[in-house]
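Worksheet for the structure shown next.
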Amino acid sequence: MNEKKDNKLQTLLEILIISTRLGLTSFGGPIAHLGYFHEEYIRRRKWMDEKSYADLVALCQFLPGPASSQVGIGIGVMRAGVLGGILAFIGFTLPSVIALIIFALILHGLDVSTLGWIQGLKIVAVAVVFHAIVGMAKKLTPDVQRKTIALFALIATLLWQTAFTQVSVILISALIGYVLFKHQEIDENTHFNFPISKRFGSTCLVIFFSLLIILPFLREITSLNWVAMFDSFYRSGSLVFGGGHVVLPLLEREFVPTGWLSEESFLAGYGAAQAIPGPLFTFAAYLGAVINGWQGGLLATAAIFLPAFLLILGTLPFWDALRSQPKIKGALMGVNAGVIGILISAFYHPIWTSSILEPFDFAFAAVLFSMLAFWKLPPWLVVLTGALGGIFIHWL
């Protein structure tokens, strides 16, 4: 019994250490994070097989909230239960939360978005994201049918950029995959026994929808600032599809026109968020800290990530049963292909359009990509090179 407990503790500690290292080094936004997760959790440690990881990514892309954080939570849950998911989340998220609260308390009022090293890190994001997309596309779009689905998803999400477009594209991709690949054989080796029950998952889903309905009423009844703040962040985290960049306009609409903070403070925080590793949803920590100190930063972080937790814990217990059905597997194959198109679309806008501003930027991005893909240099060295190169570009 003691040996089993020691093994469990060792596994939990391993999850915390690895996720913290990823939280300190994973620059580039949600698409790049998926590439970092794939390298660390799948290729190096083989905690999941390739197909299961692809299915988990597809599920998290379908759910509202920060997809990369949900993938990390899901991997932690399947590795060591709910506590494993919590530790995976803490390790990946806490470094950027602390950094952004410090930005809010110390650098508040400075226009950090004009600093050259931030532009360099944006160019790093271009290289990291492109490298991740190339690797995933080879596995998820190996045939003409799935390449065509990806092309459809790319065109649709580029031309109609709304919160509902991404969900519609995923649903249509699932329908096409269901029709084209419904006779696929099931690989029995991809079965997982999840350490959480369906009853627990159902409870999480009930809590998610209950809070979404109850919090606005509590906000009106109590008129308490912390309730209003929690409601705004929770609603933003619940209703956004497409990752961190998509949540920014929702947060701006919630806090700038209402006078919680100025437009200048909002943009300064966005620049700071671009400069640090980890999920962009931790931008909420900066906003909360500007509004109400470090306590507000922690409250905002908990509120904006709580929907992601409830949704991934609510859906995971039902996921294995669904994906083990041949027709469902075919639909997931279509969804995986559609996700590639969505990722390419997000790579173009906002990552490419906000980072590659002139030919020198493109040339620098090509060098950084070569460091990753061809020379196999460690990501931290690529990030450091990008920051130094950004300072040099700023001086030109």
Side-chain angles (χ1 to χ4, degrees), residues 21-40 43 68 95-96 99-100 103 107 110-138 154 157-158 161 242-246 248 267-280 282-283 340-396:
R21 187 167 69 241
L22 287 169
L24 290 167
T25 58
S26 297
F27 291 88
I31 309 171
H33 299 162
L34 297 179
Y36 288 119
F37 288 169
H38 182 271
E39 178 67 27
E40 186 67 37
R43 292 185 60 184
S68 61
S96 54
L100 283 171
F103 265 113
L107 302 181
L110 295 180
D111 189 8
V112 297
S113 60
T114 61
L115 298 178
W117 54 277
I118 292 181
Q119 173 62 17
L121 292 179
K122 288 184 179 182
I123 298 175
V124 170
V126 172
V128 171
V129 169
F130 184 68
H131 185 241
I133 290 175
V134 169
M136 294 183 70
K138 288 179 180 178
L154 166 63
T157 51
L158 270 181
Q161 295 184 15
H245 290 287
V246 183
L248 294 174
L267 293 176
Y270 176 68
Q274 292 293 323
I276 62 171
L280 192 55
T282 54
F283 178 47
I340 293 298
I342 293 172
L343 296 182
I344 297 172
S345 173
F347 171 69
Y348 172 72
H349 181 77
I351 294 174
W352 179 279
T353 55
S354 65
S355 304
I356 307 302
L357 307 178
E358 53 187 45
F360 195 93
D361 295 340
F362 179 77
F364 190 38
V367 172
L368 295 174
F369 175 78
S370 299
M371 293 174 67
L372 278 172
F374 307 140
W375 305 332
K376 308 296 183 184
L377 297 177
W380 67 265
L381 183 58
V382 178
V383 170
L384 179 61
T385 303
L388 295 175
I391 296 174
F392 176 73
I393 293 173
H394 187 65
W395 286 344
L396 292 179

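Considering all non-hydrogen atoms of both residues, His33 and Ser68 come closest at ND1-OG, 3.2 Å. Minimum interatomic distance between Leu24 and Pro95 (heavy atoms only, all atoms of both residues): CD2-CB, 3.6 Å. In plain terms, the two heavy atoms of Gly23 and Pro277 that are nearest each other are O-CG, 3.3 Å. In terms of heavy atoms, Ala127 sits closest to Leu368 at CB-CB, 3.7 Å. Heavy-atom minimum distance, Ala99 versus Ile276: CB-CG2, 4.1 Å. Considering every non-hydrogen atom in both Gly341 and Thr157, the closest pair reads O-OG1, 4.2 Å.
Counting heavy atoms of neighbouring residues, nucleotides and ligands inside a 6.0 Å radius, atom CZ of Phe37 exceeds 12 of them.
Atom CG of Leu381 sits about 13.0 Å away from atom OG1 of Thr25, to the nearest 0.5 Å.
The side chain to side chain contact (heavy atoms under 4.5 Å, CB included) check on Leu154 picks up Leu151, Leu158, Ile344, Ser345, with sequence neighbours excluded. Residues satisfying the side chain to side chain contact (heavy atoms under 4.5 Å, CB included) criterion with Ala373, sequence neighbours excluded, are His131, Phe369.
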Output a table of donor-acceptor pairs, distance under 3.5 Å, between side-chain atoms of residues 356-363 and any protein atom two or more places apart or on a different chain; print 'none' if there are none.
| from | atom 1 | to | atom 2 | distance (Å) |
| --- | --- | --- | --- | --- |
| Asp361 | OD2 | Leu357 | N | 3.0 |
| Asp361 | OD2 | Glu358 | N | 3.4 |

